[in-house]
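Worksheet: one structure, shown below.
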Amino acid sequence: WRVNLVAVSNLQASEWRVGDTTKALSSNLSRGLGQLQASLAARSDKLGALAAAARPALGESGEDGSVNLGEVVVELQAAGVVKRSKPFQVAGQGRVELQQELLMPAPGEGSYLVVRVVRVFRLQKDALIGEANVSHEDLSIDLLRGGQIQGRVELSIAETTVDATPVAEDEVQAGVSSKLTQYTKELRNRLGTDREGGLYGRRPLTKRAEDLPSIGECTISVLGVKGCRPKVQQPSFVLNVEGEERRAEDFANKSTEELTFTFAISKPQTTARIYCYDELGDKRNAPVGRMLLPLVDVLWPIGEAPSLAQLQDLARQAKQVPCEGEKVYSYRFMPLGDSLDTGDQDLYVAANKQDPSSGMERSGVFGCVTLKVQVKLSAEVGSLTHCYLRSLRDGAVEASAPASDEAAADESQPSVLSVLKNTSVKQTVRNIGRLEAFGTAPTTGLLRWLRDRPVRAYSAAAVALALGFAEALPPPMWTMPAVVWLLVVANGLLAAQQRAQDWGPRMMEVVDDATASADPQATSAPFPIWSGDLSTAPKKSMQEMLEAFSKGMGKLERNTEAVASFLERVSSVATFADQPLSALIMAGGGTAALVLCVLLRLVSWVDKSGSKACGLAAAVLLIVAAHTKVRGRKRDDPLAPLHVANKILGCAPTRGDVVHYYVATREQCVGKPSGSRAASTSSVQLGPPSGPVGAGS
């Protein structure tokens with residue numbers, strides 16, 4: 001049922017139900033205990049005064065007979081689901097317009113929808129004004145309490161095919177804490193409900209920057225929540241997409257339609273972040289888990305080897321406007337990152353193999369949340385291919401623009417406190433680790449393909465010998481660009497297939513540290529992410545870090561970032577880590593190779609030996625290189641070309657992005673996503689898979 005609350009009128013004073021008056025009297029007695037101890041003789045008089053003071057607070061009547069009730073809500077109950085309207089004020093007016101809509105499950109045969117109008121208190125329990133049983137024919141009914149009419153409520157009910165089933169059962173774990181502790185935390189939450197950011201309230205939600213462009217939108221729907229206990233007693237989620245936050249809570253009563261949120265996005269590489277909070281935890285505003293969703297996976301599968309059908313589908317997408325996709329995920333909450341990764345920088349990162357504290361704890365993984373994620377690009381942006389072309393163009397324009405002068409460096413002697421607060425030390429250590437990891441990473445592509453099976457190398461050598469004897473090698477000069485392009489594409493496709501094998505399936509079994517230690521193959525992740533898998537080597541002291549990085553930290557960080565990002569982005573493009581971008585660049589390279597082939601063929605007709613053409617080309621390149629200047633760059637910056645290349649390839653994923661994609665789509669995923677880029681969702685099974693790692697389709 002869609003229940004539209006139209007208005008309430010002629011509300012009378014509220015009254016506590018059985019046992020509530022005693023609770024209120026006890027609360028008033030505790031507040032007046034000091035006065036009672038100071039005047040024992042007047043003890044009975046004070047008890048009477050406190051008891052009498054409890055009832056007028058339930059509703060004071062004015063001279064015209066109107067009742068001032070303060071904050072009031074309408075409560076609906078049907079089929080075990082209880083929902084409340086937004087609070088409204090009743091300050092003596094006879095009629096209050098509501099115009100609020102709630103989605104409720106239709107009551108069964110012989111049952112009714114119970115409507116209650118309740119006055120809300122902070123310290124005491126809420127007090128009942130009146131209630132009524134409603135069937136779908138009722139539009140305006142009287143509210144009764146004790147057989148007396150206490151007001152009227154106007155509502156309309158319409159049947160709907162939308163599923164109003166709550167996404168989760170009651171998530172409050174009985175027995176986790178004592179009743180007194182639970183009551184204290186619930187009272188704390190009641191005191192801070194309407195004062196977000198206050199002493200007892202929740203932190204205020206952030207809003208999206210107004211100057212941030214928009215190329216489309218994503219819609220996230222919560223389909224199911226389970227398995228949060230006993231880690232979290234009463235979960236609530238904060239969804240964050242590019243700085244805009246929404247809160248999802250009350251999963252035991254709300255349906256999927258009420259837990260659907262739409263956000264604007266500025267690029268398809270945006271990551272949606274979901275943080276889990278415990279409303280009954282000791283720290284209400286401290287997240288206990290995170291869930292990161294790279295939205296590009298909705299439009300194109302991450303970590304899978306490109307097939308011919310997928311590449312053909314990408315070509316068809318170029319004509320589809322607008323581009324949209326939809327998938328259903330079953331994800332688990334992962335441990336939080338360090339203080340360096342916050343906001344839009346909160347990504348899954350590889351750990352330092354020599355520092356176990358830099359990895360995530362397996363004991364921090366909990367829960368299972370099923371989400372439906374939809375991404376739709378605007379008609380102005382067009383297809384996913386057009387979006388990548390636009391990103392490459394914008395990066396080239398930004399790189400060619402004159403660079404602004406950097407602020408003068410602070411020449412003052414750095415203090416220990418300033419160095420400790422500066423995140424450049426930690427970021428530089430991370431960048432150096434990225435360079436080391438890139439240099440020590442195992443080979444991929446053609447080399448790995450040959451080394452995996454030596455017979456392949458022998459077969460390739462035999463083919464080369466045969467082509468040599470047939471005078472087919474070396475190929476003609478005019479075919480060299482095409483040959484190089486074919487080798488690059490073949491190497492990239494092989495590397496993509498090898499990455500898909502290394503990453504494994506999306507259905508991952510939860511493995512604890514004991515199992516990982518006993519069977520290393522049970523958690524053969526291609527990146528170091530879990531602290532239990534890292535070495536226990538001693539950490540570097542803070543004094544060593546201060547001595548190593550107190551001078552020239554800014555320049556060192558910038559240069560290492562440039563080198564690491566350039567190498568990682570080139571490797572990602574060459575190995576199809578981001579398949580649409582790689583396919584786009586490879587297609588552009590093929591077009592350029594074809595043009596060069598035609599030009600070289602024309603040159604070969606004029607100069608059969610090719611020596612004159614090579615000398616002329618070398619001369620032109622030397623002259624152009626001698627007279628080309630990079631605008632806006634300092635001459636003493638040897639890494640200026642890398643900074644330009646990084647801006648042009650800004651949409652290409654770095655190694656950090658690839659690690660983030662792997663954890664987001666493999667480690668935290670407990671079920672194979674259903675649906676396709678533009679297909680409807682199918683049924684999803686909640687909970688971790690019952691089979692071993694890699695089981696399932």
Side-chain angles (χ1 to χ4, degrees), residues 23 26-27 30-31 82 84 120-126 166-206 222 225-240 245-254 259 273-292 331-343 346 348 356-369 421 510 512-513 530-532 668:
K23 295 178 182 178
S26 301
S27 177
S30 62
R31 292 196 301 269
V82 179
R84 284 191 169 190
V120 179
F121 288 90
R122 293 192 181 278
L123 293 176
Q124 298 95 337
K125 192 174 181 180
D126 298 339
V167 300
E169 299 178 355
D170 189 1
E171 288 289 338
V172 176
Q173 171 70 14
V176 172
S177 59
S178 65
K179 292 184 177 180
L180 178 60
T181 303
Q182 181 172 331
Y183 171 77
T184 303
K185 294 176 180 178
E186 290 176 348
L187 180 60
R188 174 202 64 187
N189 297 347
R190 288 168 64 90
L191 290 173
T193 298
D194 297 331
R195 295 187 295 167
E196 290 204 1
L199 180 60
Y200 302 106
R202 298 183 290 198
R203 67 171 182 83
L205 301 179
T206 60
V222 182
V225 179
K226 65 182 302 183
C228 292
R229 302 173 295 182
K231 181 77 173 182
V232 178
Q233 300 181 52
Q234 183 176 323
S236 67
F237 301 161
V238 172
L239 291 77
N240 185 319
E245 293 184 332
R246 307 286 181 83
R247 180 173 280 115
E249 57 186 345
D250 195 16
F251 304 108
N253 292 308
K254 290 186 177 180
L259 296 172
R273 297 168 173 85
I274 302 178
Y275 297 94
C276 180
Y277 294 81
D278 189 358
E279 293 297 321
L280 296 181
D282 295 334
K283 297 180 180 180
R284 190 183 186 189
N285 286 322
V288 294
R290 58 175 175 167
M291 187 181 295
L292 311 182
Y331 276 171
R332 51 185 179 177
F333 281 105
M334 306 295 283
L336 298 173
D338 55 28
S339 58
L340 185 62
D341 304 314
T342 57
D346 188 6
Y348 296 125
S357 63
S358 62
M360 296 187 296
E361 296 288 344
R362 287 191 174 89
S363 58
V365 179
F366 67 93
C368 179
V369 180
K421 291 182 177 181
V510 180
D512 55 17
D513 288 333
W530 301 109
S531 60
Q668 82 173 351

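Source: prediction; values computed, not measured.
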Heavy-atom distance under 4.5 Å between the side chains of [X] and [Y], does that happen here?
X: M291; Y: R273; answer: no
X: V222; Y: K254; answer: no
X: Y275; Y: D346; answer: yes
X: R290; Y: I274; answer: no
X: L292; Y: Y331; answer: no
X: V167; Y: L259; answer: yes

Problem set entry | Any residue meeting side-chain contact (heavy atoms from CB on, under 4.5 Å) with V238, in chain and number order, not counting sequence neighbours | R203, L205, E245, R247, Y277
Exercise. Of all residues at least two apart in sequence or in a different chain, which pass the side-chain contact (heavy atoms from CB on, under 4.5 Å) check with N253?
Worked result: V81, V82, K83, D250
Exercise: identify the closest heavy-atom pair between [X] and [Y]:
X: V365; Y: W530; value: CG2-CH2, 3.7 Å
X: L239; Y: A248; value: CD1-CB, 4.0 Å
X: P235; Y: F237; value: CB-CE2, 4.1 Å
X: S236; Y: E279; value: OG-OE2, 2.7 Å
X: P287; Y: L336; value: O-CD1, 3.0 Å

For this session: Apply ring-ring contact (aromatic ring centres under 6.0 Å, His included) to Y348 and list each qualifying residue two or more places apart in sequence or on a separate chain.
Result: H660
For this session: Hey, could you give me the CD/CE distance between E361 and M334, rounded to the nearest 0.5 Å?
Result: 12.0 Å
Exercise. Atom SG of C228 and atom CZ of R332: how far apart are they, to the nearest 0.5 Å?
Worked result: 13.5 Å
Problem set entry | Which residues share a salt bridge (charged side-chain N to carboxylate O under 4.0 Å, His left out) with E249, sequence neighbours left out | R202
Exercise. Would you say D278's side chain and Q234's backbone share a donor-acceptor pair under 3.5 angstrom?
Worked result: yes
